[in-house]
Amino acid sequence: MSWLPVSAARKAPVGSTVTVKGWVRTRRDSKADGGLSFIALHDGSCFDPIQVVAKADLPNYATEVARLTTHCAIEADGEIVQNPKGGNEIAASAVRVLGLVDDPDHYPIQPKPHTMEYLREVAHLRVRTNTFGAVARVRHCLSMAVHRFFHERGFFWVHTPIITASDCEGAGQMFRVSTLDMVNPPRQSPQGPIDYAQDFFGKEAHLTVSGQLNVETYCCALTNVYTFGPTFRAENSNTSRHLAEFWMIEPEIAFADLAADATLAEEFIKYLIKTVLTERADDMKFFDERIEKGLLARLQHVLDTPFRRLSYTEAIAVLERAIAGGKKFEFPVKWGADLQSEHERFLTEEHFKQPVVLMNYPKQIKAFYMRLNEPGTDSAPGDTVAAMDVLVPGIGEIIGGSQREERLDRLDARIAEMGLPAENYGWYRDLRRYGTVPHAGFGLGFERLMLFVTGMQNIRDVIPFPRAPKQAEF
RNA sequence: UCCCCGAUAGCUCAAUGGUAGAGCGAGCGGCUGUUAACCGCUAGGUUCUAGGUUCGAGUCCUAGUCGGGGAGCCA
């Protein structure tokens, strides 16, 4: 008798005998046919459970089967039979209890609707629910699709370091990594600053906030590369779109400009959506019905429509026209200022109603490594850099990227202009000294992609064990 | 970090400053090839924490903790 995952048992030929193992979702009893119980059993292999029908003549029926409650662990042998209302079910010849649920009245997960906030408090058990099982399967599916997309295009996956002693990443507050005694750290003088020369790495070290600078080195040797790994930001961000530990995908392409970067981003997102719609149709149907009505239509619209590309300068004009037409914003719209969330939402959700790629931002609001555009690009009233943000309805910014400054003199000028310590950028500058090439890349927040694809509302519910300010349980 | 809101049974929520309740879930029983099952009965409470006001606080005040929505930072 062969052990099959529930997904396979649901498709097994009628008449075959199988064993299934998993956790009880619900048990319903009937007095018909001398008494029987219907057990909905799931093992995570697919969205739908399989129904195990256990009759009262089983030797352990009264003592065990009739006492099964939600999430008891069992294995069942039986014959695949046709359910009167369609689909496979298992006529059990044996049901073995592997693990009962202690004190079902207080078991945290009950066969009833729970709030996401509550389930977050029982993250070790929430994955047994419909919603979090579906999230876990979609997350896996998207992860594999990320690698397949790049692999099929000849990209190499580069394992950039998690720990970094480079202070030039500059993308946000960092978590310190240290083996020094925090209570009594070594100091350069009795009351002086902490002596990090005595620390593990001989200097200050942190968890990475981005693999970009490191991956640029591999890009300038392997041409097309990407990173996909954990990323850490110590910002005190308390929102439904931020985590302290999240996963980021950062492709970097050589001999490429910003337009090629935007094309890659669009093809990437569409590939991922297409894959998940095909491979996880069961879970996606659930999200469409129970999490966000109209999700599937929304994603199909994204697939069918080219992303709307426009310059930052044009976007400002669009927003100014909207204001002239009576649209009210809390924050002013002005060329040279960063767009507020409300502005981005207006563009992607109300005005264009599709993903939008904004390009060529004022240089003063963007990072030092972004390539300076020729004066007058997009008829902009000031200097711009070749940066892009991809905005999507419901989430806002899902991708941030740029063409990198490959010209050493311009890069040095920017580093000086922004008051950054030039000595920290030695190896990064070397890339511009030795065989420099135009190159570009972007960062995609994996959990934001998950929100976009599943319709889930809070980023803490699309990662197994979320880390956020005051939140590191489990 | 800022603004607003909230915390009462396992869960979701009620309760004029005056005896803490309901629905769901759970247990027991009934009914039924059931599938968001249905009907009846029963059990279930340190009202987030620490102070304060009051004859009396779930309710009012102060502080804190945690959660939610929005903003900022960003992915």
Next item on the list: Name all residues meeting the salt bridge (Lys or Arg N to Asp or Glu O under 4.0 Å) criterion together with A:Arg241; count only those two or more places apart in sequence or in a different chain, and write none if there are none.
Entry: none
Item checked: Interatomic distance at C1', B:rG23 relative to B:rA36, whole Å -> 14 Å
Notebook entry, point to check: In residues 31-64 of chain A, what residues come within less than 4.0 Å of RNA chain B, judged by heavy atoms?
Noted result: A:Lys31, A:Ala32, A:Asp33, A:Phe38, A:Gln51, A:Val53
Note to self: Students often get this wrong, so: under 4.0 angstrom with heavy atoms, is A:Asp103 touching a base, only sugar-phosphate, or nothing?
What the structure shows: nothing
Margin query: Is the ring pair A:Trp335/A:Tyr312 parallel, tilted or perpendicular, if the boundaries are 30 and 60 degrees?
Written below: perpendicular
Margin query: Suppose we screen for salt bridge (Lys or Arg N to Asp or Glu O under 4.0 Å). Which residues come up paired with A:Asp282, at least two apart in sequence or across chains?
Written below: A:Arg280
Margin query: Counting only side-chain heavy atoms from C-beta out, which of B:rC11, B:rA26, B:rG68 sits nearest to A:Asn458?
Written below: B:rG68
Item checked: Between B:rU8 and B:rU49 - P atom distance, rounded Å -> 10 Å
Next item on the list: Between B:rU32 and B:rG21, how far apart are the P atoms? Round to whole Å, please.
Entry: 36 Å
Checklist line | Whole-angstrom distance between B:rU16 and B:rU59, as gauged at atom C1' | finding: 10 Å
Note to self: Nearest heavy atom decides the nucleotide; on that basis, is A:Gln82 or A:Leu444 closer to the 5' end of RNA chain B?
What the structure shows: A:Gln82
Item checked: Rounded distance in Å between the P positions of B:rG58 and B:rU46 -> 13 Å
Check: Taking only N and O in the side chain of A:Ser341, is any of them less than 4.0 Å away from OP1 or OP2 of B:rG72?
Finding: yes
Next item on the list: Just grab all the salt bridge (charged side-chain N to carboxylate O under 4.0 Å, His left out) pairs involving residues 439-448 of chain A, residues at least two apart or on different chains.
Entry: A:Arg139-A:Glu447
Note to self: Distance check, P atoms only: B:rU12 and B:rA75, in whole angstrom units.
What the structure shows: 35 Å
Check: Between A:Glu121 (CD) and B:rG6 (P), how many Å, whole number?
Finding: 19 Å
Notebook entry, point to check: Has A:Arg345 got a side-chain N or O lying under 4.0 Å from the OP1 or OP2 atom of B:rA71?
Noted result: yes
Checklist line | Pair of N/O donor and acceptor under 3.5 Å linking B:rC11 base with A:Lys112 side chain | finding: yes
Note to self: If you compare every side-chain N and O of A:Ser30 against the phosphate oxygens of B:rG33 (OP1, OP2), does one of them come in below 4.0 Å?
What the structure shows: yes
Note to self: Below 30° counts as parallel, above 60° as perpendicular, anything between as tilted: where do the rings of A:His42 and A:Trp23 land?
What the structure shows: tilted
Item checked: Gap between atoms CE and P, on A:Met116 and B:rG6 respectively (whole Å) -> 24 Å
Next item on the list: Enumerate the residue pairs fulfilling ring pair (Phe, Tyr, Trp, His ring centres under 6.0 Å) with a member in residues 121-148 of chain A, sequence neighbours excluded, ordered by first and then second residue.
Entry: A:His124-A:Phe474, A:His147-A:Trp157, A:His147-A:Tyr226, A:His147-A:Phe228
Next item on the list: Please determine if A:Arg126 and A:Asp461 form a salt bridge, counting it only when a charged side-chain N lies under 4.0 Å from a carboxylate O.
Entry: yes
Notebook entry, point to check: Which of the following nucleotides, B:rG68, B:rA71, B:rA75, is nearest to the side chain of A:Met248?
Noted result: B:rA75
Notebook entry, point to check: If pairing requires Watson-Crick or G-U wobble contacts with both distances under 3.5 Å, which nucleotide is the partner of B:rG58?
Noted result: none
Next item on the list: Look at the side-chain N and O atoms of A:Gln340 and state whether any lies under 4.0 Å from the OP1 or OP2 oxygen of B:rG72.
Entry: yes
Note to self: Is it the case that B:rG68 (base atoms only) and A:Glu117 (side chain only) share a donor and an acceptor within less than 3.5 Å, ignoring hydrogens and angles?
What the structure shows: no
Check: What nucleic acid atoms does A:Ile399 come within less than 4.0 Å of, heavy atoms only: base, sugar-phosphate, or nothing?
Finding: sugar-phosphate
Margin query: Quick check: any donor-acceptor pair below 3.5 Å linking the side-chain of A:His242 to the base of B:rC74?
Written below: yes
Note to self: I'd like to know if A:Glu89 reaches the base of B:rG33 with its side chain, counting only an N/O donor and acceptor under 3.5 Å.
What the structure shows: yes
Item checked: Pairwise distance NZ(A:Lys366) to CG(A:Asp389) - rounded to 0.5 angstrom -> 4.0 Å
Next item on the list: For A:Phe246 and B:rA75, say yes or no: do the ring centres fall under 5.5 Å of each other while the ring planes differ by less than 30°?
Entry: yes
Check: Once you round it to whole Å, what is the distance between P of B:rA26 and CG of A:Asp105?
Finding: 9 Å
Margin query: I'd like the C1' distance from B:rG45 over to B:rC61, given in whole Å.
Written below: 25 Å
Margin query: Checking contacts here: which listed nucleotide (B:rA75, B:rG27, B:rG68) is nearest the side-chain heavy atoms of A:Arg448?
Written below: B:rA75
Check: Are A:Glu267 and A:Lys270 close enough for a salt bridge, meaning some N to O gap below 4.0 Å?
Finding: no
Next item on the list: Using the P atom as the reference point in each nucleotide, state the distance between B:rG17 and B:rA57 in Å, no decimals.
Entry: 14 Å
Notebook entry, point to check: A:Gln110 has an atom CD; how far is it from atom C1' of B:rA9, in whole Å?
Noted result: 11 Å
Notebook entry, point to check: Using purine N1 to pyrimidine N3 plus N6-O4 or O6-N4 for Watson-Crick, or N1-O2 and O6-N3 for G-U wobble, both under 3.5 Å, which nucleotide pairs with B:rU65?
Noted result: B:rA7
Next item on the list: Please evaluate the base of B:rU1 for a donor-acceptor partner in the side chain of A:Asn238 within a cut-off of under 3.5 Å?
Entry: yes
Notebook entry, point to check: Got a sec, which residues hit salt bridge (Lys or Arg N to Asp or Glu O under 4.0 Å) with A:Arg96, two or more places apart in sequence or on another chain?
Noted result: A:Glu75, A:Asp77
Item checked: Complement of B:rC41, any strand, by Watson-Crick or G-U distances under 3.5 angstrom -> B:rG27
Checklist line | 4.5 Å side-chain heavy-atom contact, A:Leu310 and A:Leu347 | finding: no
Notebook entry, point to check: Would you say B:rU12 has OP1 or OP2 under 4.0 Å from some side-chain N or O of A:Thr115?
Noted result: yes
Note to self: The side chain of A:Pro111 is closest to which nucleotide in this list: B:rG67, B:rA71, B:rA26?
What the structure shows: B:rA26
Margin query: Is it the case that B:rC38 (base atoms only) and A:Arg28 (side chain only) share a donor and an acceptor within less than 3.5 Å, ignoring hydrogens and angles?
Written below: no
Margin query: Nearest whole Å is fine: how far is B:rC74 P from A:Leu243 CG?
Written below: 17 Å
Check: NA contact type, A:Thr69, heavy-atom cut-off 4.0 Å: base, sugar-phosphate, or nothing?
Finding: sugar-phosphate
Note to self: Using the side-chain heavy atoms of A:Tyr118, tell me which of these nucleotides is nearest: B:rU1, B:rG72, B:rU12.
What the structure shows: B:rU12
Checklist line | Nucleotide B:rU34, atom P - distance to CZ of A:Arg27 in whole Å | finding: 16 Å
Margin query: Can you tell me whether the side chain of A:Ser237 and the base of B:rC74 have a donor-acceptor pair closer than 3.5 Å?
Written below: no
Margin query: I need the CD1-P distance between A:Ile109 and B:rC11, as an integer number of Å.
Written below: 11 Å
Next item on the list: Name the pairing partner of B:rA71, where a pair is Watson-Crick or G-U wobble with both distances under 3.5 Å, or state none.
Entry: B:rU1
Check: With respect to the phosphate group of B:rU34, does any side-chain polar atom (N or O) of A:Lys85 fall under 4.0 Å of OP1 or OP2?
Finding: yes
Note to self: Rounded to whole Å, how long is the line connecting atom CD of A:Glu473 with atom P of B:rU65?
What the structure shows: 16 Å
